[in-house]
**Student:** 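Sharing a structure with you now.
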Number of protein chains: 2
Amino acid sequence: MNYDEAKNKFISTWGSLGSLWGINKAMAQIHALLLVSPEPMSMEDIMEELKISRGNTSMNLRQLMDWGIVFKENKMGERKEYFTSEKDVQELARQIAKERSRRELKPTIKILKDVSNIDEDGTAKTKELIKQTKALHEMADTLDIMMNKVVGQDHNWITKALVKLIK
Amino acid sequence: MNYDEAKNKFISTWGSLGSLWGINKAMAQIHALLLVSPEPMSMEDIMEELKISRGNTSMNLRQLMDWGIVFKENKMGERKEYFTSEKDVQELARQIAKERSRRELKPTIKILKDVSNIDEDGTAKTKELIKQTKALHEMADTLDIMMNKVVGQDHNWITKALVKLIK
DNA sequence: CTAAACTTTCAAAAAATATTGAAAGATATT
DNA sequence: AATATCTTTCAATATTTTTTGAAAGTTTAG
């Protein structure tokens with residue numbers, strides 16, 4: 001496998017993996033491209049490499065910046081904007097954990113809490129609904145605490161956490 | 001909020017959350033419905049409650065069984081098939097972790113390994129590709145080991161893991 | 001102020017994904 | 001073996017999501 005094959009394979013794999021962490025293909029591919037590019041890239045560069053339209057590139061770059069994993073850079077004397085990705089994969093993981101907690105986990109926890117707090121009326125179905133949503137609430141809450149813990153951790157948290165888990 | 005409102009809210013929340021763990025809306029809603037139903041449900045029952053077609057119900061039930069989180073049950077003297085969900089949420093989490101490792105993480109790890117093993121040719125772009133995919137490979141591998149560790153853990157692993165992390 | 005260089009927006013089109021429902025397939029019952 | 005009961009399949013359809021590209025917007029330079 002040569003460089004170009006390897007790069008394309010990585011970009012397309014990362015692209016289809018996007019759905020795994022809740023982003024679309026183009027967004028994930030742009031991210032992959034920037035992640036392995038030694039130099040910041042312009043919108044033009046990205047459009048060209050991935051064969052996607054200007055509008056698409058613009059929108060997805062914005063979203064990546066909203067996620068806090070891609071940044072604008074300005075080259076001196078140049079009008080054009082350049083983009084880079086967060087290069088430290090652990091920082092990347094932390095940022096993603098933080099955003100997913102905020103966007104998905106926290107809102108879900110709130111709903112689970114509300115649902116599990118309905119009045120107990122003695123029927124089996126109400127009991128079951130309360131019981132199961134309570135259990136999910138607890139689990140989601142624990143997961144959220146863990147994820148936020150991770151966000152405040154030093155760079156090698158994953159390895160350390162692993163060591164602790166395996167004991 | 002009364003029982004029906006709460007139940008519907010839970011089902012629709014769980015449904016839209018499906019994409020979070022990589023399954024479609026109908027599948028997630030069927031799962032939610034079974035999770036809070038005190039009794040096994042027939043295909044008829046499910047179609048009725050969720051207002052979805054027979055074909056849709058059949059296909060999604062099959063997938064849920066493939067994930068190992070929904071089971072067939074037979075009532076004595078009845079021809080019809082009934083379905084129940086795994087009720088223990090920790091077992092549910094374990095099963096999901098296991099399947100996602102198998103379906104998504106492991107294949108990705110393999111590709112990252114291949115890509116990061118291309119020949120170093122001294123150029124900056126090749127160096128960067130190797131460096132970044134190696135880092136991702138290491139992280140994905142660690143995550144996979146953690147997830148599989150979790151799969152073999154006892155019922156309160158989440159709480160225990162949390163305690164360890166917080167120290 | 002006006003033009004040039006670049007970016008963003010958004011309605012329309014395309015692509016991807018999910019859903020339906022009727023026919024075919026099972027399996028049990030008479 | 002014919003019928004009844006129930007499930008699965010899959011081509012057609014509907015829905016949702018993504019992408020495009022041209023117009024509008026913004027910023028800098030002259």
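Reckoned from all heavy atoms, side chains included, excluding hydrogens, waters and symmetry mates. In what follows, every chain begins at residue 1, and chains take the letters A, B, ... in the order their sequences are listed.
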**Student:** Separation of A/L61 atom CG from C/dT8 atom P, in whole Å?
**Tutor:**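 My rounded result for the distance is 8 Å.
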**Student:** Any non-hydrogen side-chain atom of B/I11 less than 4.5 Å from a side-chain atom of B/L50?
**Tutor:** yes
**Student:** Can you pull the contact range of chain B along DNA chain D, 5' to 3', using atoms under 4.0 angstrom from its heavy atoms?
**Tutor:** D/dA4 to D/dC10
**Student:** Can you list, in residue-number order, the parts of residues 68-83 of chain A that come under 4.0 Å of DNA chain D, counting heavy atoms only?
**Tutor:**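 Nucleic-acid contacts, sorted: A/R79.
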**Student:** For A/F83 and A/K72, what are the C-alpha separation, side-chain angles and deciding distance, and is it a side-chain contact (heavy atoms from CB on, under 4.5 Å)?
**Tutor:** CA-CA 5 Å; A/F83 301 89; A/K72 255 185 203 160; 3.6 Å; yes
**Student:** Are any side-chain N or O atoms of A/D144 and backbone N or O atoms of A/A140, one a donor and one an acceptor, separated by less than 3.5 Å?
**Tutor:**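 Not a single qualifying donor-acceptor pair exists.
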**Student:** Please name all residues satisfying salt bridge (charged side-chain N to carboxylate O under 4.0 Å, His left out) with B/E128, sequence neighbours left out, ordered by chain then number.
**Tutor:**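 Only A/K87 meet the salt bridge (charged side-chain N to carboxylate O under 4.0 Å, His left out) criterion with B/E128.
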**Student:** Could you check how far CG of B/N60 sits from C1' of C/dT19, rounded to whole Å?
**Tutor:**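 Value for this atom pair: 9 Å.
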**Student:** Between A/K7 and A/E49, is there a salt bridge with N-O shorter than 4.0 Å?
**Tutor:** yes
**Student:** Among residues at least two apart in sequence or on other chains, which ones pass side chain to side chain donor-acceptor pair (under 3.5 Å) with A/D114?
**Tutor:** A/K110
**Student:** Where along residues 48-56 of chain B does a heavy atom fall under 4.0 Å from DNA chain C?
**Tutor:** B/K51, B/I52, B/S53, B/G55, B/N56
**Student:** With rounding to the nearest 0.5 angstrom, report the CZ to OG distance, B/R79 to B/S42.
**Tutor:**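 Reported to 0.5 Å precision, the distance equals 14.5 Å.
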**Student:** Any chance you could lay out the side-chain contact (heavy atoms from CB on, under 4.5 Å) test for A/I96 and A/E99, step after step, and finish with the verdict?
**Tutor:** CA-CA 5 Å; A/I96 291 167; A/E99 284 296 306; 5.9 Å; no
**Student:** Would you list the protein and nucleotides 11-17 of chain C atom pairs, both N or O, that sit under 3.5 Å from each other?
**Tutor:**
none

**Student:** Taking A/S58 for its side chain and A/R54 for its backbone only, find out whether a donor-acceptor pair lies under 3.5 Å.
**Tutor:** no
**Student:** Report yes or no: do B/Y82 and B/V36 belong to one cluster of Ile/Leu/Val/Met/Phe/Trp/Tyr joined by side chain heavy-atom distances under 4.5 Å?
**Tutor:** no
**Student:** Verify the cluster assignment for B/M139 and A/I69: are they in a single hydrophobic cluster under the rule of side-chain heavy atoms below 4.5 Å apart?
**Tutor:**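 They do share one cluster, since a chain of ILVMFWY contacts under 4.5 Å joins B/M139 to A/I69.
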**Student:** After noting the C-alpha distance and the side-chain angles of B/M27 and B/V70, does the key distance pass the side-chain contact (heavy atoms from CB on, under 4.5 Å) rule?
**Tutor:** CA-CA 11 Å; B/M27 192 171 153; B/V70 161; over 6 Å; no
**Student:** Show, in sequence, the C-alpha distance, side-chain angles and deciding distance for A/W67 and A/R103, and conclude whether the side-chain contact (heavy atoms from CB on, under 4.5 Å) test is met.
**Tutor:** CA-CA 10 Å; A/W67 272 79; A/R103 293 170 192 230; 3.2 Å; yes
